[in-house]
Amino acid sequence: MSRRTTPGRIAVYVVLGLALIPVLFPVYYAFAGAVMGPGDLATYPPALVPSDLHWQNFGDVFDAVPLGRFYVNSAVQAGMITLAQVVTSILAAYAFAFLRMPAKAATFALFLATLMVPWESIIIPNYLAISDWGLTRGGLTYLGLVLPFLASAFGTFLLRQAFLQFPGELRDAAVIDGCGHWRLLWRVVVPLSKPSIAAVGVYVFLSAWNQYFWPLILIRDPEYQTLQIGISQLNDAEAAQPGLILAGVALSLLPTLAVVIFGQRYIVRGLTAGALR
């Protein structure tokens with residue numbers, strides 16, 4: 001039976017549509033302002049629709065700052081963090097879900113407690129350690145950017161909940177066939193948990209791509225600056241040309257929008273995989 005359109009349902013959609021406007025407006029204006037000319041951006045009240053398309057803003061932004069290099073640096077940083085956290089989350093989640101160990105519940109609770117530790121409270125010890133190890137210059141900067149984010153309690157929690165849904169009969173059959181822990185994990189558990197693993201990967205990539213404070217205080221060599229830091233340079237160097245700033249912002253949004261659009265179904269399926277027992 002099809003759902004009937006009722007006044008209550010219409011009201012819900014209207015409220016959701018109104019709530020969506022302030023969420024999507026900054027994204028819209030970033031792309032709209034990127035193709036506006038100086039006249040549109042200087043008007044008051046601000047123009048919401050460009051009167052003329054200035055596509056050259058996207059070309060000029062690469063001349064103002066080495067945006068291509070910033071893209072590469074952010075891609076390397078986000079890719080390394082995503083790969084590391086996905087692998088460590090899979091291994092830790094398998095251990096907490098299937099292996100027998102003393103005080104496993106207490107250990108897992110202590111592991112989750114790290115989620116309540118503010119990043120600001122540990123950023124100075126992390127910076128001092130990375131600096132003492134010499135990971136702030138040259139190619140070693142990539143290691144300095146990645147090292148504090150090799151593991152994630154959130155990813156481990158999410159995958160553990162998904163692994164707990166794994167059918168016990170299938171696991172017993174794999175053990176009878178001679179599967180050890182390593183083979184069971186990579187040949188059976190991981191292929192059946194792809195939505196949850198993809199959700200962790202999408203979440204970690206978005207967080208790593210949008211990092212600002214840690215790269216800001218760590219990177220000393222301009223050649224290794226990330227995209228978020230590079231866009232802030234546009235605000236200093238090209239303050240009289242807001243179109244360039246918005247063009248840089250729009251270009252930085254493209255990877256995150258692509259990941260959210262194409263990974264949305266994995267996020268929903270992954271986050272709800274462990275909701276029911």
Side-chain angles (χ1 to χ4, degrees), residues 26-36 41 56-86 117-152 154 201-260:
V27 179
Y28 162 76
Y29 195 77
F31 285 94
V35 294
M36 287 184 185
L41 293 169
Q56 65 270 24
N57 287 337
F58 290 102
D60 294 342
V61 72
F62 285 91
D63 297 330
V65 294
L67 201 65
R69 179 64 185 178
F70 296 155
Y71 249 101
V72 172
N73 294 336
S74 290
V76 172
Q77 176 204 16
M80 293 173 65
I81 291 176
T82 301
L83 178 62
Q85 286 202 21
V86 168
V117 179
W119 166 247
E120 292 78 8
S121 65
I122 60 175
I123 193 169
I124 293 179
N126 279 328
Y127 175 77
L128 294 177
I130 296 299
S131 298
D132 290 341
W133 295 339
L135 302 181
T136 58
R137 295 188 180 276
L140 295 177
T141 303
Y142 290 130
L143 293 178
L145 291 172
V146 171
L147 198 58
F149 307 98
L150 293 181
S152 168
F154 173 79
V202 170
Y203 171 81
V204 174
F205 178 85
L206 294 177
S207 300
W209 182 268
N210 292 316
Q211 280 188 9
Y212 179 81
F213 191 48
W214 177 245
L216 177 65
I217 67 172
L218 182 72
I219 298 174
R220 300 178 183 177
D221 191 342
E223 184 180 357
Y224 295 95
Q225 288 179 340
T226 58
L227 186 61
Q228 310 304 329
I229 309 301
I231 294 175
S232 67
Q233 292 181 7
L234 287 172
N235 191 35
D236 297 333
E238 306 292 341
Q241 302 183 51
L244 293 185
I245 301 175
L246 292 175
V249 172
L251 290 173
S252 70
L253 287 174
L254 290 178
T256 58
L257 291 177
V259 169
V260 169

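- For residues 72-84, no pair satisfies salt bridge (Lys or Arg N to Asp or Glu O under 4.0 Å), with sequence neighbours left out.
- When the shell of 6.0 Å around OH of Tyr28 is examined, it contains more than 12 heavy atoms from other residues, nucleotides or ligands.
- Sorted by first and then second residue, the pairs that involve residues 117-136 and meet side-chain hydrogen bond (donor to acceptor under 3.5 Å, both in side chains), not counting sequence neighbours, are Tyr127-Arg220.
- For Pro66, the side chain to side chain contact (heavy atoms under 4.5 Å, CB included) test picks out Arg69, Phe70, with sequence neighbours left out.
- Between Thr226 and Pro215, the closest heavy-atom pair is OG1-CB, 3.7 Å.
- Here the straight-line distance linking atom CZ of Phe205 with atom OG1 of Thr82 works out to 6.0 Å at 0.5 Å rounding.
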Test side-chain contact (heavy atoms from CB on, under 4.5 Å) on Val86 and Val204; report intermediate values, then the result.
CA-CA 8 Å; Val86 168; Val204 174; 5.6 Å; no
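- When the side chain to side chain contact (heavy atoms under 4.5 Å, CB included) test is applied to Ala84, the partners found at least two apart in sequence or on another chain are Leu150.
- To the nearest 0.5 Å, atom CD1 of residue Ile217 and atom CD1 of residue Ile124 are 8.0 Å apart.
- Separation of atoms CG (Leu218) and CD1 (Ile123) is listed at 9.0 Å; rounding is to 0.5 Å.
- Atoms CH2 and CG, from Trp214 and Leu145 in turn, are 8.0 Å apart once rounded to the nearest 0.5 Å.
- Not counting sequence neighbours, Glu223 has no partner by the side-chain hydrogen bond (donor to acceptor under 3.5 Å, both in side chains) test.
- Sorted by first and then second residue, the salt bridge (Lys or Arg N to Asp or Glu O under 4.0 Å) pairs involving residues 135-144 (not counting sequence neighbours) form an empty list.
- A 4.5 Å side-chain heavy-atom check between Thr141 and Asn73 finds every atom pair outside the cut-off.
- Val76 meets the side chain to side chain contact (heavy atoms under 4.5 Å, CB included) test with Val72, Met80, Tyr142; sequence neighbours excluded.
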Listing, residues 56-64 side-chain donor-acceptor contacts under 3.5 Å, not counting sequence neighbours, or none:
unit_1 : atom_1 : unit_2 : atom_2 : d
Gln56  : NE2    : His54  : ND1    : 3.1
Asn57  : ND2    : Ala34  : O      : 2.8
Asn57  : ND2    : Met36  : O      : 3.2

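- Here the closest heavy-atom approach between residue Gln77 and residue Ala208 is recorded as OE1-O, 3.8 Å.
- Of the possible polar contacts, one joining the Ser74 side chain to the Leu227 backbone as a donor-acceptor pair under 3.5 Å is found.
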Determine all donor-acceptor pairs shorter than 3.5 Å in which one atom belongs to a side chain in residues 243-257; sequence neighbours excluded.
unit_1 : atom_1 : unit_2 : atom_2 : d
Ser252 : OG     : Val249 : O      : 2.7
Thr256 : OG1    : Leu253 : O      : 2.7

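- The side chain to side chain contact (heavy atoms under 4.5 Å, CB included) search around Tyr212 returns Leu216, Gln228, Ile229, Ser232, not counting sequence neighbours.
- Legend: salt bridge (Lys or Arg N to Asp or Glu O under 4.0 Å) pairs involving residues 71-81, not counting sequence neighbours: none detected.
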